[in-house]
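Model, not experiment: these values are computed from the prediction. In what follows, every chain begins at residue 1, and chains take the letters A, B, ... in the order their sequences are listed.
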Amino acid sequence: MTAPTKPMPHSPAAPGDSPEPTGDALHSPVIAWFDAHARDLPWRRPDAGPWGVMVSEFMLQQTPVSRVLPVYEQWLARWPRPADLAGEAPGEAVRAWGRLGYPRRALRLHGAAVAITERHGGDVPTQHAQLLALPGIGEYTAAAVASFAYGQRHAVLDTNVRRVFARAVTGVQYPPNATTAAERKLARALLPEDARTASRWAAASMELGALVCTAKNENCARCPIADRCAWRTAGKPAHDGPARRTQTYAGTDRQVRGKLLAVLREAVTPVPQAALDRVWDEPVQRARALDGLVADGLVEPLSDGLYRLPLT
DNA sequence: CATTCGTGGGA
DNA sequence: TTCCCAAGAAT
């Protein structure tokens, strides 16, 4: 059911340009695989709507699907439209965020809902540039919402797609640490001309990276393009560049912030300083973490040594 | 461009 | 148990 794709129109090749990648050979098998194996995720259902898609994208930024699912359902049940969330205190968004991690995302999602209510009549904007202007929405999320919610033609470059392209096309095990201009160019070159097909391709290539072409223990036996995969054909050479910096967590400010915020999420009434002091014994780091939370707007200090999630 | 920012589950 | 990571954004 893929629309016939036309060759990409392209400008005269600059010196040093690599040949135009052949995306057409990849679209059909990947999209057919997607039609057969895609997960039935709530934000992919027709009734999810742009707001559902947007909420899911915020939650899925660095958080696994399995942990997002229950929170997503509660969130949409409580705030079915952007204006519903915008009418709440930001602290309620932080509380409902629960243990998804990176709670600033909750604050930004609330801020985005406010902006949508104020500037876009309560509807998630349709244009990439409008989406990009919202708090918490970067290059990836803007493209994802425009593509998944509105069926537009955008290069959707998340970590899964980048890995699929790195292997299938470039022939290396892992993409660069940060998204490069070369990756964007490749993604654009591979994008089907037809918007509907491009949207499908974006979701399909992402799902392939999430389910089959995974970071570890990739399953080439289930891959619809294994026979065309440059990395596999080359004998799966190991990643040669510098090892990807593994992030430590124990003992960091992030861990302390997490503990502090956990206390405040559970509390119905403002929490005295003494209760927060109990989560970490080192006073300097503890104070720094709390100051950071306040600076980020995740915690609101009251006048008498009490703290709570932000009311405004 | 490199860092910071949570969390919990699986290998 | 330790390690690695899972649909990024902001600075």
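A/A178 comes within 4.0 angstrom of nothing in the nucleic acid, heavy atoms only. Here A/T141 lies in heavy-atom contact (under 4.0 Å) with sugar-phosphate atoms only. Within 4.0 Å of A/F58, counting heavy atoms only, lies no atom of the nucleic acid at all. Among the atoms of the strands shown, none is found under 4.0 Å from any heavy atom of A/Q255. Counting any heavy atom pair closer than 4.0 Å across all strands shown, A/L261 reaches no nucleic acid atom. Nucleic acid contact for A/R67: base, since at least one base atom lies under 4.0 Å from a heavy atom of the residue. Counting any heavy atom pair closer than 4.0 Å across all strands shown, A/W43 reaches a base atom. Residue A/T63 is in base contact, counting any heavy-atom pair closer than 4.0 Å across all strands shown. Heavy atoms of A/R162 sit nowhere under 4.0 angstrom from any nucleic acid atom. Among the heavy atoms of the strands lying under 4.0 Å from A/G101 is at least one base atom, whether or not backbone atoms are also near. Counting any heavy atom pair closer than 4.0 Å across all strands shown, A/L132 reaches no nucleic acid atom.
Under the 4.0 Å criterion applied to side-chain N and carboxylate O atoms, A/D84 and A/R81 are assigned as salt-bridge partners.
Set against C/dA7, B/dT7, C/dC4, the side chain of A/K216 has C/dC4 as its closest nucleotide. Distances were taken from every side-chain heavy atom of A/R265 (C-beta onward) to each of B/dT7, C/dA6, C/dG8; the shortest belongs to B/dT7. Distance from the side chain of A/R163 is smallest for C/dA7 among the nucleotides C/dG8, B/dG6, C/dA7. Here the side chain of A/R257 is nearest to one of C/dA6, C/dA7, B/dG6, namely B/dG6.
When side chains are defined from C-beta on, A/L211 does not count as touching A/N219, because their heavy atoms never get closer than 4.5 Å. Side-chain contact between A/E207 and A/R44 is present, with heavy atoms from C-beta onward closer than 4.5 Å.
By the 30° and 60° cut-offs, the orientation of the rings of A/W201 relative to A/F165 is parallel.
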